[in-house]
Amino acid sequence: MPTFDDILEQVGEFNRFQKQTFFLLCLLSAAFTPIYVGVVFFGFTPEHRCFSPGVAELSQRCGWSLEEQLNHTVPEWGGHGTAFGSRCRRYDVDWNATGLSCTDPLGSLAGNRSSVPLSPCRDGWLYDYPGTSLVTEFNLVCEDSWKLDLFQSSVNAGFFIGSVNIGYIADRFGRKFCLLTTILANVVCGILLVFVPSYLWIVIFRFLQGLVSKGCWTAGYILVTEVVGPQYRRTVGILYQTAFSVGLLVFDAIAYAIPHWRWLQLTVTLPSCFFLLFHWFLPESPRWLISQGKNDEAKKIVSDIAKKNRKKMPSHFEDIKFEDDDEGGKQSPSLIDLVRTPQMRKNTLILMYNWFTSSVLYQGLIMHMGLAGGNIYLDFLYSALVEFPAAFIIIITIDRVGRRYPWAAANLVAGAACLVTALIPADIYWLKLIAACLGRMGITMAFEMVCFVNTELYPTYIRNLGVMVCSALCDVGGIVVPFIVYRLVEIWHELPLVVFTVLGLIAGGLVLLLPETKGRVLPETVEDVENFHRQSAPKDKKIYLHVQTSEVARD
């Protein structure tokens, strides 16, 4: 008797029905970008210095240029504005006092500039930025700079908590229900974020966005891979993630055109309202329906697939059932199932580590490259463009050599490239940049592969929960990586890259312990997973569709 994948071969594996579903969900994937990396523009920290009353008037009276004004009135300026003193301290001087010299105003007050006392920025800051960000609006600099870290941590904390909860909802109540409810919650929180006046409420609504948005993105990924045939599954999985890369480019362009964070937030949130129309255009996953014993609904969707794809279809489904050793009908997902059996336990632990490593290296390399400064929009553009060749390499190699070896090689290349980048002298910048780009490409490949291989290693009834739980370690990585980067660079600028090297090399070795999933049907039960390492493992539990084909020729 045929499996569900066999039925898809008859009614269409990737035809009109699946292409429409895939396109709609790719829009959802692209819209996730502002939430995942939005802090780059929402929380942009421009060059800044203390506001000192009277400086502008004195500068105008003396006819100073901006550089002369900074040299005379900003501590520790000396041609570089990155020192803590130049950003967070000011001279405790009354610049409105009479008798100040235009050639050496501090010298006229005290014989030595170093003897002039310093004080905190009591009157605020001046920012060299034409727009606004969270930093400029709430002065999240100097002693309050940790509040920007809290803003980003709140998103990752939401990702982490929502991973399990939203995953359970998707497995218990369906992929489509999960998508629609999380889309609605995300839109409401995103719009409220625009209008709340206080920093505290912004953090709260950002946390709530994280709570639902990642689960929404992952549920979309699960749905798109469950409605296509096996030979297209990995391609649509990669392209679904590539849609996120397209979202990076679009977000960069919008941020360049709208340098004010509240207007930017509103602009990237409002289009998500249209995703609520998915209620009429997206199907529920037939695989999930069958695993829950909702056979009639599954039959109707299979019939719709065949009709829209204009394919010959089985004329009558006598029965669709999920055979179980203990009981018929639906199976309920449970966390303990992820570690109950040896193969499931090994898969879960290795996948968790690889999600963690991918997140740390992916975000960490962006942060580390950003420490050198430069044009924020160009830097963001370069980091987005490198993801496209990574996806292309996966597509052209993964069917030829499988999942496991390209995935392991991507992690090993990322780790080795980080070490090479750390050892190349700073004056050979072009070579250092090439090595860094290779590392970024390698970890991008690894990140994309862990996502779709994760779906192939769990049975249907717990697939979404398994992906959510394992990918929760990605959020843990997102929380700790700022500390890895920004604390360790104070010891040695390249020390974070050494840490990334160790993490990447270990991840590459662990991947080799996982089973190969190339050309294999999706497992339906835990026993299928336990037998996955056998090339011709028998499947005692399958989704069977008893089919009576029509002998009447179609007009």
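From a predicted model like this one, the values you see are computed outputs, not experimental measurements. Computed from heavy atoms alone, side chains included, the values below leave out hydrogens, waters and symmetry copies.
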Undergrad: Could you tell me if W355 and N454 have a donor-acceptor pair between their side chains, going purely by distance under 3.5 Å?
TA: yes
Undergrad: So do the side chains of L148 and T45 get within less than 4.5 Å of each other, counting heavy atoms only?
TA: yes
Undergrad: How would you list all residue pairs meeting salt bridge (charged side-chain N to carboxylate O under 4.0 Å, His left out) that involve residues 261-276, not counting sequence neighbours?
TA: E137-R262
Undergrad: Residues in side-chain hydrogen bond (donor to acceptor under 3.5 Å, both in side chains) with T136, at least two apart?
TA: none
Undergrad: Does a side chain donor of either T73 or W95 reach within less than 3.5 Å of an acceptor in the other side chain?
TA: no
Undergrad: According to side-chain hydrogen bond (donor to acceptor under 3.5 Å, both in side chains), who are the partners of Q20, at least two apart in sequence or on a separate chain?
TA: K308
Undergrad: With ring centroids as reference points, do F44 and Y129 lie under 6.0 angstrom apart?
TA: yes
Undergrad: What pairs with W407 under side-chain hydrogen bond (donor to acceptor under 3.5 Å, both in side chains), at least two apart in sequence or on another chain?
TA: none
Undergrad: Could you pull out all residues at least two apart from C121 that satisfy disulfide (SG to SG under 2.5 Å)?
TA: C50
Undergrad: Does the plane of the ring in F32 sit parallel, tilted or perpendicular to the ring in F244? Use 30° and 60° as the thresholds.
TA: tilted
Undergrad: Donor-acceptor pairs are to be reported for all side-chain atoms of residues 356-366 against protein atoms at under 3.5 Å, with residues two or more places apart or in another chain.
TA:
| from | atom 1 | to | atom 2 | distance (Å) |
| --- | --- | --- | --- | --- |
| T357 | OG1 | Y353 | O | 3.0 |
| S358 | OG | N354 | O | 2.8 |
| S359 | OG | Q363 | NE2 | 3.1 |
| S359 | OG | C474 | O | 2.8 |
| S359 | OG | G478 | N | 3.3 |
| Y362 | OH | E387 | OE2 | 2.2 |
| Y362 | OH | R440 | NH2 | 3.2 |
| Q363 | NE2 | Y36 | OH | 3.3 |

Undergrad: Evaluate whether atom CH2 of W64 has more than 12 neighbouring non-hydrogen atoms of other residues, nucleotides or ligands under 6.0 angstrom away.
TA: yes
Undergrad: Taking OH in Y377 as the centre, count heavy atoms belonging to other residues, nucleotides or ligands within less than 6.0 Å. Is the count above 12?
TA: yes
Undergrad: Taking ring-ring contact (aromatic ring centres under 6.0 Å, His included) as the test, write out the residues that go with F207, two or more places apart.
TA: none
Undergrad: Do the non-hydrogen side-chain atoms of L180 and L184 ever get within less than 4.5 Å of each other?
TA: no
Undergrad: Taking the six-membered ring for Trp and the single ring otherwise, decide whether the centroids of F41 and Y256 are under 6.0 Å apart.
TA: no
Undergrad: Would a 4.5 Å heavy-atom cut-off, applied to side chains only, mark K432 and E494 as touching?
TA: yes
Undergrad: Is there a side-chain contact between Y199 and L150 (heavy atoms, below 4.5 Å)?
TA: yes
Undergrad: Applying ring-ring contact (aromatic ring centres under 6.0 Å, His included), run through F281 and F278 and close with a yes or a no.
TA: CA-CA 5 Å; F281 297 102; F278 284 0; 8.0 Å; no
Undergrad: Quick one: does V194's side chain get under 4.5 Å of T269's, heavy atoms only?
TA: no
Undergrad: Quick check: do W201 and L193 have side-chain heavy atoms less than 4.5 Å from each other?
TA: no
Undergrad: Mark yes when over 12 heavy atoms from residues, nucleotides or ligands other than Y405 sit less than 6.0 Å from its OH; otherwise mark no.
TA: no
Undergrad: May I have all residue pairs that pass side-chain hydrogen bond (donor to acceptor under 3.5 Å, both in side chains) and include part of residues 181-193, sequence neighbours excluded?
TA: N186-Q209
Undergrad: CG/L270 to CD1/I191 distance, rounded to the nearest 0.5 angstrom?
TA: 5.5 Å
Undergrad: Which residues pass the side-chain hydrogen bond (donor to acceptor under 3.5 Å, both in side chains) test with S471, sequence neighbours left out?
TA: K214
Undergrad: Go through the structure and list residues passing salt bridge (charged side-chain N to carboxylate O under 4.0 Å, His left out) with E57, not counting sequence neighbours.
TA: none
Undergrad: What residues, two or more places apart in sequence or in another chain, satisfy side chain to side chain contact (heavy atoms under 4.5 Å, CB included) together with C273?
TA: V187
Undergrad: Can you confirm whether Y221 sits close enough to Q241 that some side-chain heavy atom of one is under 4.5 Å from a side-chain heavy atom of the other?
TA: yes
Undergrad: Just by distance, no angles: are the side chains of E448 and T444 close enough, under 3.5 Å, to form a donor-acceptor pair?
TA: no
Undergrad: Tell me which donor-acceptor pairs under 3.5 Å the side chains of residues 413-427 have, and how far apart each pair is, sequence neighbours excluded?
TA:
| from | atom 1 | to | atom 2 | distance (Å) |
| --- | --- | --- | --- | --- |
| T421 | OG1 | A417 | O | 2.7 |
| T421 | OG1 | A436 | N | 3.3 |

